[in-house]
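All remarks here apply to the structure that follows.
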Amino acid sequence: MPELPEVETTVRGLRPVLDGQRIAALEARRPDLRRALPADLRQRMTGSRVTAIRRRAKYGLIDTDRGDTMIFHLGMSGHWRIDPAELGAHDHLVIDTEAGRRVALNDARRFGSVDAMRTDDVEAWPAIAALGPEPLEPAFDAGALAAAVAGRRAPIKAMLMDQRIVAGLGNIYVCEALNLARISPVRVAGRISDVRLERLVAAVRSVLERAIAAGGSTLRDFKAPDGTLGLFPKDYRVYGREGQSCPCGGTVKRRVDAGRSTFYCGRCQR
DNA sequence: CCGACAACCTGACGGC
DNA sequence: TGCCGTCAGGTTGTCG
């Protein structure tokens, strides 16, 4: 999926098209993605005016003036298409505005999701309520991270991938942040010094901020809504670069943890 | 609590 | 050209 920077790029791309606009029509072209779409989604959204488009972790939130919020998750392959010339097989949800614009949620693998609930209830929704702090906000600092991993023997990579510890990171940015912080992905989380956790927090922020500034990452599926390509992959230090050189001069290695590829440098990451 | 693994689904790619 | 195996940004549940 799209990790935090890609969702942020998506939200920013949707704003010029949807923000402040009245929804003239919403069509679900299939009843489900990862799970069933809300049966009353069309009825709840049609006729409403969009009042805000927000992001929480990897979730995108579309608020309306009727007090409803549509929540989307892009899964592994989801992205929004803006004013598509024609609809394709994987355009599963289509929204038309009164101003004549159209956005389509395209998700080939259908690992994404769409939910709807009262705006006031969003924070209490279990999937959102369980999330840890936003990594770009002040609440995510070395002290908070230390408290979250205290006593945990799991490897730090697993902890950073856990959305309850910190919300929004995925495989790419965890690998990148650990490399930037010079911390081994398999280091036992609860035994990392405060100084190194401080470095890790700074690395997470740095990686995410630079990725957002670049418009996110383009891999097989992700595109920003305006069709432009994220430019961040050219800045990858380790991700997808097995056998190539780390900025430190070492060689990038790959291992598999919990079924996911981990890219790291055995020389500078300890 | 931990981690390995499978499942959910399609598409891209490399090898033969 | 085509078939087959492998891999891919995530989440959730089971099992040991």
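What you see below is based on every heavy atom in this structure, not just the backbone, and it leaves out hydrogens, waters and symmetry mates. Letters go in sequence order (proteins before strands), and every chain restarts at 1.
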Residues in ring-ring contact (aromatic ring centres under 6.0 Å, His included) contact with Tyr264(A), at least two apart in sequence or another chain: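 Listed in chain order: nothing, the list is empty.
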With sequence neighbours excluded, residues passing salt bridge (Lys or Arg N to Asp or Glu O under 4.0 Å) with Asp121(A): none
By side chain to side chain donor-acceptor pair (under 3.5 Å) - contacts of Asp65(A) (at least two apart): none
Residues forming a side chain to side chain donor-acceptor pair (under 3.5 Å) with Glu8(A), sequence neighbours excluded: Arg12(A), Arg55(A)
Should [X] be listed as having a side-chain N or O under 4.0 Å from OP1 or OP2 of [N]?
X	N	result
Ser261(A)	dA8(C)	yes
His73(A)	dG10(C)	no
Lys58(A)	dG9(C)	no

Residue pairs fulfilling salt bridge (charged side-chain N to carboxylate O under 4.0 Å, His left out) with at least one residue in residues 178-198 of chain A, sequence neighbours excluded: none
Qualifying salt bridge (charged side-chain N to carboxylate O under 4.0 Å, His left out) pairs, either residue in residues 33-50 of chain A, two or more places apart: Arg35(A)-Asp115(A), Asp40(A)-Arg44(A), Arg44(A)-Asp68(A)
What is the distance from [atom1] of [X] to [atom2] of [N], rounded to the nearest Å?
X	N	atom1	atom2	value
Arg260(A)	dC5(B)	CZ	C1'	13 Å
Asp32(A)	dC9(B)	CG	P	8 Å
Leu74(A)	dC9(B)	CG	P	18 Å
Arg110(A)	dT11(C)	CZ	P	18 Å
Trp80(A)	dG9(C)	CH2	C1'	18 Å
Arg56(A)	dT11(C)	CZ	P	13 Å
Arg164(A)	dT11(C)	CZ	C1'	12 Å
Gln163(A)	dT11(C)	CD	C1'	9 Å

Any donor-acceptor N or O pair under 3.5 Å, side chains Arg81(A), Asn106(A): no
If you check the [X] side chain, which of [options] turns out closest?
X	options	answer
Arg254(A)	dA8(C), dG9(C), dT11(C)	dA8(C)
His90(A)	dG9(C), dT11(C), dG11(B)	dG11(B)
Met76(A)	dT11(C), dT10(B), dG9(C)	dG9(C)

Under 5.5 Å and under 30°: Phe111(A) stacked on dC8(B): yes
Sugar-phosphate, base or nothing in reach of Ser113(A), heavy atoms under 4.0 Å: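 The residue Ser113(A) makes no contact with any strand.
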Sugar-phosphate only, base, or nothing, as touched by Gly259(A) at under 4.0 Å among non-hydrogen atoms: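 Nothing, no nucleic acid heavy atom in range.
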Fellow cluster residues of Leu87(A), listed by chain then number, with links counted only when side-chain atoms sit under 4.5 Å apart: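 Members alongside Leu87(A): Val94(A).
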Dot-bracket notation for DNA chain C, counting Watson-Crick and G-U pairs under 3.5 Å, with | for partners on another strand: .|||||||.|||||||
Enclosure of Arg30(A) CZ (heavy-atom neighbours >12, cutoff 6.0 Å):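 Atom CZ in Arg30(A) is packed in, count exceeds 12.
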Residue among Leu105(A), Leu74(A), Leu93(A) satisfying side chain to side chain contact (heavy atoms under 4.5 Å, CB included) with Leu33(A):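 Testing Leu33(A) for a side chain to side chain contact (heavy atoms under 4.5 Å, CB included) against Leu105(A), Leu74(A), Leu93(A) leaves exactly one candidate, Leu105(A).
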Using atom names, set out every protein N or O paired with an N or O of nucleotides 12-16 of chain C below 3.5 Å, distance rounded to 0.1 Å.
| from | atom 1 | to | atom 2 | distance (Å) |
| --- | --- | --- | --- | --- |
| dT12(C) | O4' | Arg34(A) | NH2 | 3.0 |

